[in-house]
Amino acid sequence: MSNKPTLPKGTRDFGPQQMAQRTYILDTIRTVFQKFGFQPLETPSLENLSVLTGKYGDEGDQLLFKILNNGLDDPKNRDKAEQAFANVVQGKNDSNLTERALRYDLTVPFARYVVMNQHEITFPFKRYQIQPVWRADRPQKGRYREFYQCDADVVGTDSLLCEAEIIRMLEEAFGQLGIEKYTINLNHRQILNGLVEAIGAQGQESDLLVAIDKLDKIGKDKVIAELQERGFSDEAIQKLSPVFDLQGSTQEMLDTAERIVSSSEVGQQGVNELKVILKMAQSMGSSLDHVRFDLTLARGLSYYTGTIFEVKAQDTAITSSISGGGRYDNLTGVFGLPGVSGVGISFGVDRIYDVMEDLNLFPEESTAGTQVLLINFDKELQPQVIPVLAQLRSKGIRAEMYPDAVKLKKQFSYADKKNIPYALVIGTNELESGQYSLKNLKSGEQQSLSLEAIIERLLADR
RNA sequence: GUGAUUGUAGUUCAGUUGGUUAGAAUGCCUGAUUGUGGUUCAGGAGGUCGCGGGUUCGAGUCCCGUCUUUCACCCCA
């Protein structure tokens, strides 16, 4: 029998260095959210299973992490539990066996919160939420079973200002993180609906979306093959062909799209909305350099009804999207509150981390730890050295003293490994003269200075 | 859920058609240097070969199961 502990599939530990880097990402995003007027919200890790099922499609339901009820071993529950188990084995949910599940995303819990607090909330309601979510997916590159989402959503307004602000937030966040090469892909569900109408393929919406969403991944020919396989007529595919060959500036592509869906009223409406959004984003200071209209962007989540967003980084092995979102007209409808429109964006911190790691984008400050290590010479001297430690900290300097009076070699190599830039040596000589030895561990130079001078130097070098 | 793939020292990996006591690099500890790290040199510790079963005189090596890793599909952050 092995006693070696292991992690559950698809989960990870984050050590001190990784935590510093992750915190840097989260803080950057949080600051952007707050700057745009979003307020924080946290919801429980657990939700009632009935809140989550049916919101993510059949595939999504399969990926929920369900929690086994307690008390199943109680003899008086036994019959119920066995009956429930029989149901679950047949793929049905049964609250006598599982009535809770881990949250799958942040949007549905948010919708639940809005419905439960509809009378207290002032609309439009802008909230951000940064918490882990869980999916019972098979892990692979950029996919984990536990990962963080950073969501910002606005509910209670149809204004396209929100969409424009989302574009600005994406630009600010990725700009501040130093990710320069990325694309914000933009599309509109109504344009896609218009497309379905225009080619006369009503009733095959989802088949169409799934197929054309793969265009940049598998190419035109394979998409056409897949469409044929899914039973689209040659005529319909013929009508789609301009979609595969879209080129030019965002504006030009939008104009082309407008022609393609000209026979459809909803399609037209979608194109117009995107045009308005882009203009608004521009007047908010967006260069639109990173924004691209992508008629083949579909996104899986079934609740989107308007604009949809997806962000991908370039020049990196991480090809999956690092951010995504869109407008949903009726998310709270399933909880009995119809007519509340919302739009939101979600940042995938774990993938952003992978991209930044891959491109080496973490600034040195983002991992800053202790600034100065006090060398521990001798137990006898500690009463005189400890006050120095306190004094450094009172000035806001990140300082620590090596806890044991071991060999200096060991203490210095500890500082070296922890990437501490300075070591402060206070031994008998220093205490006699009042001039302490400050060593810069990067350059190797060492100076005798008064405590005031040391504090000044450390404060200047932060 | 479907199809592949991986597992040997803290870490990254060698290990031949099955054959004595399973190796390297790096990291770790000690010393050269009893008040000075990152370089160098010398020495040392560290492994139930993922786990369980099977074949065999003999298994890290072959077979079965299981868990795990990574990847593609599906889907998705």
Side-chain angles (χ1 to χ4, degrees), chain A residues 1-12 25 29 56-63 91 103-107 130-151 206 209-211 213-214 217-218 222 226 298-302 304 309-313 317-326 344-355 373-378 381 402 405-431 436-446 448:
Chain A
M1 194 184 89
S2 168
N3 286 323
K4 283 182 191 163
T6 53
L7 282 173
K9 196 194 273 267
T11 65
R12 299 149 297 160
I25 297 175
I29 295 171
Y56 310 106
D58 291 345
E59 297 266 1
D61 282 358
Q62 309 256 310
L63 299 181
R103 81 166 95 74
Y104 177 90
D105 71 355
L106 301 179
T107 311
I130 300 179
Q131 290 189 274
V133 303
W134 295 268
R135 297 184 187 179
D137 212 350
R138 283 257 199 117
Q140 51 182 272
K141 193 189 297 186
R143 298 175 79 156
Y144 308 99
R145 288 186 152 186
E146 177 183 59
F147 60 97
Y148 268 73
Q149 286 191 334
C150 306
D151 278 24
S206 57
L209 299 192
V210 170
D213 194 38
K214 295 178 186 165
K217 203 167 177 183
I218 63 176
K222 286 190 178 169
E226 183 162 339
R299 290 187 62 75
L301 286 178
S302 41
Y304 293 123
F309 305 92
E310 185 166 276
V311 181
K312 285 187 175 175
I318 318 305
T319 53
S320 39
S321 62
I322 53 176
S323 188
I345 188 71
S346 177
F347 288 82
V349 195
D350 301 85
R351 288 181 181 176
I352 292 172
Y353 179 95
D354 291 344
V355 169
L373 177 75
L374 268 71
I375 300 298
N376 193 335
F377 250 101
D378 190 333
L381 299 180
Y402 198 90
V406 296
K407 284 193 177 116
L408 296 202
K409 178 189 168 85
K410 189 159 170 108
Q411 301 192 37
F412 273 94
S413 87
Y414 171 82
D416 195 45
K417 266 170 225 151
K418 270 188 83 175
N419 248 317
I420 299 174
Y422 289 97
L424 184 55
V425 184
I426 306 177
T428 349
N429 300 342
E430 284 81 0
L431 284 169
Y436 305 153
S437 303
L438 183 69
K439 179 162 183 173
N440 180 327
L441 291 180
K442 272 178 207 149
S443 64
E445 66 180 312
Q446 183 165 327
S448 287

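Chain A is the first sequence line, chain B the second, and so forth, proteins listed ahead of strands; every chain is numbered from 1.
- Rounded to whole Å, atom C1' of B:U39 lies 12 Å from atom CG of A:Asp416.
- Here B:G38 presents its C1' atom at 17 Å from OH of A:Tyr414, a figure rounded to the nearest Å.
- Separation of atoms OG (A:Ser323) and CD1 (A:Ile29) is listed at 8.0 Å; rounding is to 0.5 Å.
- Among the atoms of the strands shown, none is found under 4.0 Å from any heavy atom of A:Gln411.
- If you check B:G37, B:U36, B:C74 against the side chain of A:Lys214, the one that comes closest is B:C74.
- Distance check on atom C1': B:U55 versus B:U61 gives 14 Å, rounded to whole Å.
- Dashed line: the shortest gap from a side-chain N or O of A:Lys407 to OP1 or OP2 of B:G31 is under 4.0 Å.
- If you check B:C75 for Watson-Crick or wobble pairing at under 3.5 angstrom, you find it has no partner at all.
- Contact annotation for A:Lys418: no contact, since no heavy-atom pair falls under 4.0 Å across all strands.
- For the pair A:Lys409 and B:A32, the criterion of a side-chain N or O lying under 4.0 Å from OP1 or OP2 is not met.
- Looking at heavy-atom distances under 4.0 Å, A:Tyr144 makes contact with a base.
- Counting any heavy atom pair closer than 4.0 Å across all strands shown, A:Val210 reaches sugar-phosphate atoms only and no base atom.
- Between B:C49 and B:A32, the two P atoms lie 37 Å apart (nearest whole Å).
- Atoms NZ (A:Lys141) and P (B:U69) sit 17 Å apart, rounded to a whole Å.
- Where A:Gln62 and A:Ser413 each meet RNA chain B at their nearest nucleotide, the meeting point lying more 5' is that of A:Gln62.
- Ring geometry, A:Tyr402 versus A:Tyr414: the interplanar angle exceeds 60°, so the pair is classed perpendicular (tilted spans 30 to 60°).
- Side-chain atoms of A:Thr428 lie closest to B:G35 of the nucleotides B:C74, B:C76, B:G35.
- A donor-acceptor contact under 3.5 Å is formed by the side chain of A:Lys439 with the base of B:G37.
- When both distances must be under 3.5 Å, the Watson-Crick or G-U wobble mate of B:A42 is B:U30.
- In this structure, A:Asp137 places its CG atom 13 Å from C1' of B:U2, rounding to the nearest Å.
- For the pair A:Arg351 CZ and B:C75 C1', the computed distance is 11 Å after rounding to whole Å.
- Comparing A:Thr11 and A:Gly142 by the nucleotide of RNA chain B that holds the closest heavy atom to each, the one mapping nearer the 5' end is A:Thr11.
- The distance between atom CD of A:Glu59 and atom P of B:C74, rounded to the nearest whole Å, is 10 Å.
- One C1' atom belongs to B:U20, the other to B:G37, and the distance between them is 45 Å to the nearest Å.
- In this structure, A:Phe147 packs face-to-face on the six-membered ring of B:A77, meeting both the 5.5 Å centre cutoff and the 30° plane limit.
- If you take CZ of A:Arg138 and C1' of B:G1, they are 7 Å apart, rounded to a whole angstrom.
- Here A:Gln140 lies in heavy-atom contact (under 4.0 Å) with a base.
- Rounded to whole Å, the C1' atom of B:G7 lies 25 Å from the corresponding atom of B:A45.
- Comparing B:C75, B:U36, B:G37 by their closest approach to the side chain of A:Arg143 singles out B:C75.
- Within the 4.0 angstrom heavy-atom criterion, no nucleotide atom of any strand lies near A:Glu310.
- Counting heavy atoms of neighbouring residues, nucleotides and ligands inside a 6.0 Å radius, atom NZ of A:Lys418 exceeds 12 of them.
- Atom CG of A:Asp58 has 12 or fewer heavy atoms from other residues, nucleotides or ligands within 6.0 Å.
- At least one side-chain heavy atom of A:Arg143 sits less than 4.5 Å from a side-chain heavy atom of A:Arg351.
- A donor-acceptor pair shorter than 3.5 Å can be found between the side chains of A:Glu430 and A:Ser437.
- Distance from the side chain of A:Lys9 is smallest to B:U69 among B:U69, B:C74, B:A77.
- More than 12 non-hydrogen atoms from other residues, nucleotides or ligands lie less than 6.0 angstrom from NZ of A:Lys214.
- Across all strands, A:Ser346 comes closer than 4.0 Å to no nucleic acid atom at all (heavy-atom distances).
- Between the side chain of A:Glu430 and the base of B:G35, a donor-acceptor pair under 3.5 Å is found.
- In this structure B:A25 sits in a base pair with B:U11, meeting the Watson-Crick or G-U test at under 3.5 Å.
- Protein atom NZ of A:Lys410 is 18 Å distant from nucleotide atom C1' of B:G35, rounded to whole Å.
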